[in-house]
Structure formats: C-alpha cells, structure tokens
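Okay, so here's the structure we're looking at.
Here is the naming used below: chain letters follow the sequence lines, and residue numbers restart at 1 for every chain. All values below were derived from every heavy atom in this structure, side-chain atoms included, with hydrogens, water molecules and symmetry-related copies excluded.
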Amino acid sequence: MTAKNYDPALVEAKPLPFIPVEDALSADFIICLPPPNVTGELHMGHALNSTLQDVMIRFNRLKGKKAHWQIGCDHAGIGTQIVVEKQLSSEGLSKYDLGREDFEKRSWEWTRQYLGRIEGQLKRLGCSPDWSRSAFTLNPEYSLSVREAFFELYREGLIYRGKRLINWCPKCCTSLSDLEVIHEEQNAKLFEIRYLPIDPSDPELIVSTSRPETIFADTALAINPKDDRYKDLLVKVKAGKEITYKIPLSGKCIPLILSDKVLLDFGTGVLKITPAHDFNDAYIAKEWNQAQPDRMIGAVNILDEKAYLVSIDEVPEYLWGLERYLARSLVLQKLTESEQLVSEKSYRQPTSLHDRCGTAIEPYPSEQTFVRMSSLAKLALDALKRGEIQFYPARYAQTYEAWLEKIEDWCISRQLWWGHQIPVWRKSLPSEGDPEEVNKLIRDQFRQITGECGYPRPLTGDIHHPTHLQGKKAGNEYIWQYGAQSVEVCLKAPDQAFEEKLTQAGYIRDADVLDTWFSSALWPLAAQGWSSQKTPRPYWSDTMCTAREIINLWVSRMIFMSRKLTGKLPFRDILIHPVVQTPDGKRMSKSKGNAIEPIALVERYGADACRLWYCSVGIFGNQDIRFPGKKEKDGSWSSPELEQKRRFLNKLWNALNFMRMQFQQENFREMPTMEQLTQTRDTSSLWILCLARKTFLECEEAILRYDFSAYINGLERFFWTNFCDWYLEIAKFNLSTAQSKTDLKWTMQTVIALFLNYLEPVAPFITRALRDDFGAPVDFTELKFPSEDDIEINESLSDLMLLVSTIRSIRQRVLGIAPNQSLKVSYKEEPNLPKDLHWTKLALVERADQKTERSFQKVLSLRGGSFVFRVQVPKEIDLKSRQTQIEKDLSKKTIELDQLKQKLSDPGFSNNASDELKIKMQSSLDHTQGEVQELTEALKLIEQAFDGNE
RNA sequence: GGGCAGUUAGCUCAGUGGUAGAGCAUCUCGUUUACACCGAGGUGGUCGGGGGUUCAAGUCCCUCACUGCCCACCA
C-alpha cells in the first residue's frame, strides 16, 4: 500500500472472497434475505436492508460463529408476467399465441437473464450471502416445498374453493388479494340519476353514483330507515308495501329495500344496490337476504373478465361488448337524452388500484381458491403473545396484531401462467342420477386409477372435511374428495403417470397459479431445502430484517405457515428498518423518477462509505429517513454525509501511512503479547488501550441489541477524535525515545488491528486492504487492562484535554494568537500531569523565566481547569472588542452559576437527587465559579490596561 | 375513519427525568512528523403551540397544529 490517499475504486476493485459454511441448516447464526423480485433492480431499501444483514453476518463470523446468509429471488408472478407480456406485445404477439407451455419457457428465458443481476449488485455492495446456495421460488426443489405446503393445508381442510366477490384486475385478468390493492383518491364525477316508480303514487328517487354503466346490474335501491327526507316513503314501506322502481334505459323492475349501511350524509341518500360489482352493495344485499328470506334480492353480473359489458339479457343492445368506460359515456348520453340524468359534479373519489399495473380494480364475482385464516392467524398471534418472536422496534408488533385480529380469508388463486400451478384436478359431477350411486361409481373409478396401493380412509367429516380418501401411491400422496359440484384430487408431488390417468378419466387440472406470496411465505423453510431435510435448530433462522410495508403481506404469513407446517418458527427477531425518502420527504419511486440508485452512490463514494451510512441509519431512528443529499445538475446524487464517511476511511488510511512512516516496516504482522502490552509505561498508550477496550465492549453490546448506529458512532468517535486527534498527536512527542517507541508501536498495532476487526463487518473492503499488514491481535477486551491505574490515567487525560483546549481557546479567542505561534506563559506551579503527555507542546506554550515575566507589559491572569497562569497581552490586540466579549461570557456564566447555586440549595433536589449527580453538579458549580472569577479578573485587568493607555 | 411515527442549531439527525448534543454548512486562524479529503477555535437553540405531573420535563401525561407512513374505505 503506497497510495497517499484512500481510493475506494482501487480498494474495492476486486470482489471480496467468500467461503460458504458446511451444513448451513445447523449454522450458529442464520439470516434469510427477503428475496427481491427477479424483475427488480437493487434500490435504496434493498441496499439498507442488505447492509444491515451483512453487518450481522460478518459480526457473527468475527466472533467465531458459523454464520449462514441465505439468498435468492422471488419469481414475482404478476410482475414477471406483465414484463414478459409487454415484450411479447412489442413483437406483435400475445400469450395466447404462444400457449401456456411456451409462455412459461419464454418467462424462464427472461428470468435466467435477470436472475444474476441483483446478486451482482449485492456483491458490489460487499454483501456476503452464500452464493452457492442461492434459491429461486420456482426452482424444482422449492416448488416441491410449495406443493407440500399446499397439500398439508388441503389435508387439514384449510384450503377451499368459493364463489364470491373478489378484487379483479381487468387488465391482468386475475384475482388479487386485499394486500395487492392500493387505495388512491382520484378526480371523478358523481352522477345523479332519476329512477321512476312503478306505482305513480310513489315518489321518483334520485340516485348518486359514480358508475352509471352498472345500473343494469342493479338489483335494488336502498335507503336508510332513519332518513327523514323519505319519511312518507318509509311509512309505506313499514306498513308492508313492496315498492318497486324501474331501472333507467332498461325498464327492469327492482325493489326498494332498507339498510342502515346507507350513508345519510352522502349524495341523495338513495343507493343503487349492485351486488355483483360492489363490495359494499354485496354486503348490504347479504344482510337484507338474511333478514328477509322471502324477499331476497339477487346479483346480476353484466361484465366479463376484461370489464366489457356482456350480459345480453340485462344490457341494451347498443352497449353489448363495450368496455366499461366507453359504456359509461354512452349510458350518460342516453340518460341525458331521456332526461334521466339529473346532475353531474366533480369529486375526489377513493379508488382501488392494482399495485402492479395501476388499473382500477373491478369487484368481480368469481370462483377462487382461499386459505381459511382464523386458525392460522391464531398461531401467528400466539407466537407473539408467548414472546417467541420479537419485533425491533417493538411498536411494529401492533401492526402485526391489528391485521391478524381482523383477518379475512386469503385468496390464493391467480389467473396467471407464471407461477406454481395449483395441484388440484377436478371433475364435474353429473347432475342427474342417485347421488349415492354416482358417488360409488366415481370412487370405484378413482380406485382403479390409483391401483388400490394406498390405504383409502373414508371420513364422514365436517364441513371442512367432506368425504374424502387419502392414500399413498409409490411414495406420492393424494387426497380425493367431494366438493360442492365436483370431485377433486390434490396430489402432493408431481407424478406424470398418475396425472395422465387422471386426465384420461376426465379430471381437469385447475388452471390457476398460486399467489406469489404463498410461495414466499415459505421462504425460510423452502429456500433452505425443507422438502428434503428438517432443521435441527429451534428456529429456521435467527433474524429477519425487512421493511414495514410487508409486515402483513409477508412476515406474518411466514410465521403462521412455518408454525403450521413445521411446528417451528421462521425466525426469532424481526428488524423493521426505516424507509429512505427523498431529501424533501417524498417516497422514492422509479415511476416518479425520484429514486436514488444505490449502485451509483457506491461508485461515487465507495461501498464501504455507503455501508457506514446505512449503519448509521440503523433501525431505531425515525421510521422515515430523508436522504441527506441533493440532485446535481447532471442528474446524479451527492451527499455530504456519505462524503464524510469516505473521509473517515481516508483518515484511517492515512493513520496507517503514518505508522508505516514512523516504524519503517513493511507490515506489523508480529503482534505483541498480552504480557508485552501490560508492560507498557507510556501514559497515553495505557489510556488508549483502556478506552479501546471500553469502546469495543460497548460496540459489541450495541450490535447485539441491533443498534447499528451506536456501533458505528462509537467506532468513529473512538478512532477519529481519541486515537487520531489526541493519541497520535501526543505520540509524536514520544517517538524519539527508544522505550516509548516500542510501547507506542505495540499499542498502535494492537489498537488498529482490533479496530479493523470491529470495522470489518461494516467496511469489509478497506479492512481487507489494510489488515493483511497485521497479525492477529490479542483480544484484550475480555481482560481487565491495564489494571487499577485506569481511573488515574483517565483523569490525567481528561485534565490534559481540558487544559490544552482551554489554552488553545484563550489563545485564539482572547489573545488572538495563531495556533502555530508559541505563547509565553508564567505560572507558579506545574500542572499535575505525567511528563510524557507533553502538555506544553500540545498547547504550544513556553514557560517564561522570571526575568522575562518581569518585562511583561499588559498581563492577563487565566485558568485552565485547576491550573492558574499568566500571559502577556500582545500589543496589537484590540482590548475593547475583547472586553465586550468577556463581558458577554461573564454574564452568561453568571446566569449559569446562579442556576446551579439555586438548584443545589433546593431542598427538594438535595432530598431526591442521587449522590452521583450531586457531586457532579457541585464540581460543575466549582468549575463555573472558577470561570466567573477568572473572567472577572480578566475584565479588571483589561480595565486597568485601558486606564494605563488613556 | 382507525392506527403508527415525526416536529430539537441553516441542513440531516442523536438524546436513557438531572448543565442542550453530533456531523455537515458557516465564521476565524493555521500547511505542524500521516491525512488541507487535515488541524485548532468560534457563531448558532424560548427542543412545533398550549396546559399538567415533578424539587427538576426535550424526555412522563393531556390537548391542539402540521408532516410522513400503514390499515380500512362513501355509492
């Protein structure tokens, strides 16, 4: 190493070496990286997230533990499919042109191309996951785990098919879970439409709606029974009259119903009920139907999967086949023509959008696969209640609890092609014939397919467990059971021969794939090979580090899945780190163009400097961190904070240069023994060794409670302020004597080598470059060192610092003497400091002999700590401005003194405060009193000097 | 609407009931045995507003205001 200054590009040019652990599942410390989407690139959140994890992994390695970091990628069902479909459409193709099999091939090609991208970026950041064990959620082994998980839940009756209103994306043509839907306010129009009564004696009603195209799917109108505006109407209804209205443009008759869910303060108070296209309406209809079984209202679906109007029976011919927004404008035109459109006004409408493509969600009645959540949610809640999992910061447990406590069943089927296809084969039951006979026939047929090699066990089960058979066939397991209108088979693992037989017998495989989050919920298990081996550890991993937005989407699901399927928990500690926002407090997003590329920052400041900053962010600060930087004219981002971290590393680099220069050695591999170290007599060396031990122990303690920021702040302050600015500066005066020189060398070697150890988890590149020069340091952090003297030594050093700082301050502030100009002082007694601390050299003062002192003209009496001395005031000093300054200081100090006096004399204080505090306050009072006295004297002297001059 | 967090120096943020802190920026001085990517010394605060508890509140409680996020959503 010869470079004068630290150059991250050079230091980080070579990737860091990595040796994987053997038998990763039984490692002492395991972290599973939240798998990034294969579609994605490394963003700020990843960089922060991965750095913290890498620091934990490297720290554990440093402490001699077998640490394993599991990585991999998520197949990102919809995300990938959208990208591949876009690519196809640019070639003028659709997925249907390719067919399912070729589409999957195409998606695999695309995936393989991008699979390594994020890993390369993580490598550049200096991360050290086990590259050799990288997992992918669609790999064959991972897929087996997904099948196993599905099968187990199916076996327990936790998976069911159900037809209900779900979130539907008409662009992606798939169902979505609640968590994939985002809510945004958008500008929209609210229309008022006139509905006419069948009985002319009833009033016409004005309905407010934002979706006039859905009037044909109306099955009722509803008002609130408490709505005074419709008093007369309500009287009739309550008297038992069935009141009916005509749907505009259609003439279809629909009843008026009552519901207290109709808001009194919105629109006209009349709500059109469209159960097939609105969640709220569906709920009202359900309530009504339960309360009024003889006056049930139905649900009419008029849309197809792309949200085109299709129902020939319900919809006028001129709307057939029109897309929802086109249909809306045509309906509005027709309503205007027939004078049934009363008004139209703008308003801010809360809108539900698909998180991946931004398309407005269509509530859509459809048959989907669900996971029954109540028992699973309880497992997850119990783990928290029993303290088996722990959130850091603890407040995030609330987010987790709140969601699990009012959870709905999880819709896990997606109408996509990219993902884990649901392993269920289904066959419709004939609608005619004696059910008993049909059942027997189907069962016998199925037994023929399986060849009777299992041990079918019919159950007379409950609603969750309809009659079913389960068995094993050549190692594979199946469940065969009746559904509502069909009979179905769930197969645990792929089995081509068996699947073919099923197909021949008329069974058709479910075309849907599983929600991406179903497979990622298995991550800590499946990525580590759950289907082939079981973990010997109490938890699948130790720590999960992630962002708060996926606590519900992912963290909670991992917990109940792992507990349910393996009895073990996926991790013990959950670290939720802040979100990095733009400097003006906005959320970063690629589409908004305000995202900051972490790799660009790495190129500008070096990975080590970036990592130092991510650590200083840590996990305990504000839950949103603003990026401390700005966008340059060329579009790149700069940050003084990152620059500062880089300078810290440069400081370290140069401290090493200094050592080499002093000791003229190639390296410092020959390290001192503990004995040699304890023989050290040099005061400052003893002090820095002592302080190093204290610092390193505190840092260890900090990182064990995940306080990354305390860890890095402790290291930085120790090295820069104490080691460089004080220790090395004192050392410069002692390097000339032989004995001290050895002491100093041993101390520097030990402190730096140990410091590099502690820095390595955070800044692995620079430490690699510097550590080669050193041997293994003795780890004195576990020993009491350097014995009992440390209190005295620490006092000497703090006295020295106070004295030197005070003199420096006086030189510049009071006397106006440059820092490099020697100052003549006179004093009666030497300060009580060890000689090898060289206070006069540090403060750059010279003791004036008596003769010189007598020739002093104007004199100031001053005090540094308990040391009193006199200095000559240079002629050119403007005493008037100094006087003003001293007066200002004096008034400040006097107030401070009064406050201290008051406090100490307060009986409440002396009765309640701790002795330690009282002593501290008393010494502070003494000190302030000294300062006041000193300032008063200085002021007096200046006044005298004035008198003398005038 | 429900919840969480934040509001401290010009900026970005620490702060554990006990004298208000750091880094950057700014100002002054200085090339001295590594580092000017440095060193030394300054300036700068009614801790968002208002109440309360306490001998003592940035810290605990109540309340208001603003900002950000999460959850649920109005036709």
Side-chain angles (χ1 to χ4, degrees), chain A residues 4-6 178-179 183 190 207-211 214 222 261-263 265-268 270-274 278-281 284 347 349-350 352 393 395-396 398-399 402-403 406 548-549 551-552 578-579 581 583 585-587 616-617 620-630 639-641 643-662 709-710 713 716-717 724-725 728-729 731-733 735-736 804-805 808-813 816-821 844 896 899-900 903 906-914 916-918 920-921 924-925 928:
Chain A
K4 188 184 173 195
N5 275 329
Y6 161 68
D178 293 345
L179 293 176
H183 303 280
L190 189 64
V207 168
S208 300
T209 180
S210 62
R211 304 202 55 192
T214 64
K261 297 287 177 300
V262 179
L263 299 175
D265 56 355
F266 189 92
T268 56
V270 186
L271 176 63
K272 69 189 207 58
I273 301 295
T274 320
D278 186 286
F279 289 107
N280 190 38
D281 293 1
I284 291 174
Y347 86 124
Q349 184 188 26
S352 303
R395 62 171 181 271
Y396 289 112
Q398 288 175 61
T399 307
W403 184 67
K406 51 171 183 164
R548 66 178 182 275
E549 69 230 31
I551 291 173
N552 298 332
V579 172
Q581 298 178 326
K586 295 279 177 319
R587 197 179 171 77
S616 69
V617 168
F620 289 114
N622 194 331
Q623 62 184 11
D624 303 299
I625 292 289
R626 293 177 181 203
F627 180 75
K630 61 171 188 185
S639 163
E641 304 263 328
E643 174 62 18
Q644 183 60 15
K645 300 295 178 198
R646 198 183 64 77
R647 288 184 184 190
F648 170 70
L649 297 171
N650 184 54
K651 188 80 181 171
L652 169 65
W653 188 267
N654 277 299
L656 266 287
N657 277 346
F658 174 71
M659 273 180 75
R660 282 195 192 81
M661 213 165 101
Q662 290 306 321
S709 135
N713 289 341
E716 277 180 18
R717 177 170 300 266
C724 291
D725 292 346
L728 287 186
E729 291 308 314
K732 283 175 185 173
F733 304 118
L735 281 164
S736 46
V804 172
S805 302
R808 283 171 176 169
S809 172
I810 288 163
R811 294 167 66 97
Q812 287 198 42
R813 223 161 68 89
I817 296 172
N820 62 345
Q821 234 182 312
L844 202 62
E896 209 179 300
Q899 282 172 346
L900 281 167
K903 185 127 213 182
D906 187 329
F909 178 79
S910 45
N911 289 339
N912 294 303
S914 68
E916 206 185 334
L917 183 73
K918 276 187 240 172
K920 207 174 134 196
M921 296 278 281
S924 172
L925 183 112
T928 313

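- Nearest to the side chain of A/Asn622, among B/G39, B/C74, B/G6, sits B/G6.
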Checklist line | Stepwise salt bridge (Lys or Arg N to Asp or Glu O under 4.0 Å) check, A/Lys645 with A/Glu641 | finding: CA-CA 6 Å; A/Lys645 300 295 178 198; A/Glu641 304 263 328; over 6 Å; no
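- In RNA chain B, runs of at least 3 consecutive Watson-Crick or G-U pairs, each pair with both distances below 3.5 Å, span B:1-7 with B:65-71, B:10-13 with B:21-24, B:26-30 with B:38-42, B:48-52 with B:60-64.
- If you measure from atom CG of A/Asn657 to atom P of B/C38, you get 15 Å, rounded to the nearest angstrom.
- Considering only residues two or more places apart in sequence or on other chains, A/Lys903 meets the side chain to side chain donor-acceptor pair (under 3.5 Å) condition with none of them.
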Next item on the list: At under 4.0 Å between heavy atoms, which parts of nucleotides 28-33 of chain B does protein reach? Answer with one letter per nucleotide, 5' to 3': B base, S sugar-phosphate only, - none.
Entry: BBSS-B
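- With P as the reference atom, B/A72 and B/G3 are 15 Å apart, rounded to whole Å.
- Within 4.0 Å (heavy atoms only), A/Tyr347 reaches sugar-phosphate atoms of the nucleic acid but no base atom.
- The phosphate of B/A56 has neither OP1 nor OP2 within less than 4.0 Å of any side-chain N or O from A/Lys918.
- Annotation: B/C62 and B/G6 have their P atoms spaced 14 Å apart (nearest Å).
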Protein and nucleotides 65-72 of chain B: nitrogen or oxygen contacts under 3.5 angstrom:
{"residue": "B/G68", "atom": "O2'", "partner": "A/Gln581", "partner atom": "NE2", "Å": "2.8"}
{"residue": "B/G68", "atom": "O2'", "partner": "A/Asp624", "partner atom": "OD2", "Å": "3.3"}
{"residue": "B/G68", "atom": "N2", "partner": "A/Gln623", "partner atom": "NE2", "Å": "2.5"}
{"residue": "B/C69", "atom": "O2'", "partner": "A/Arg548", "partner atom": "NE", "Å": "3.1"}
{"residue": "B/C69", "atom": "O2'", "partner": "A/Arg548", "partner atom": "NH2", "Å": "3.0"}

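- Every residue was checked against the side chain to side chain donor-acceptor pair (under 3.5 Å) condition with A/Arg808, not counting sequence neighbours, and none meets it.
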Margin query: Each nucleotide in nucleotides 21-26 of chain B should get exactly one letter: B, S or -. Can you fill that in based on protein heavy atoms under 4.0 Å?
Written below: -SBS--
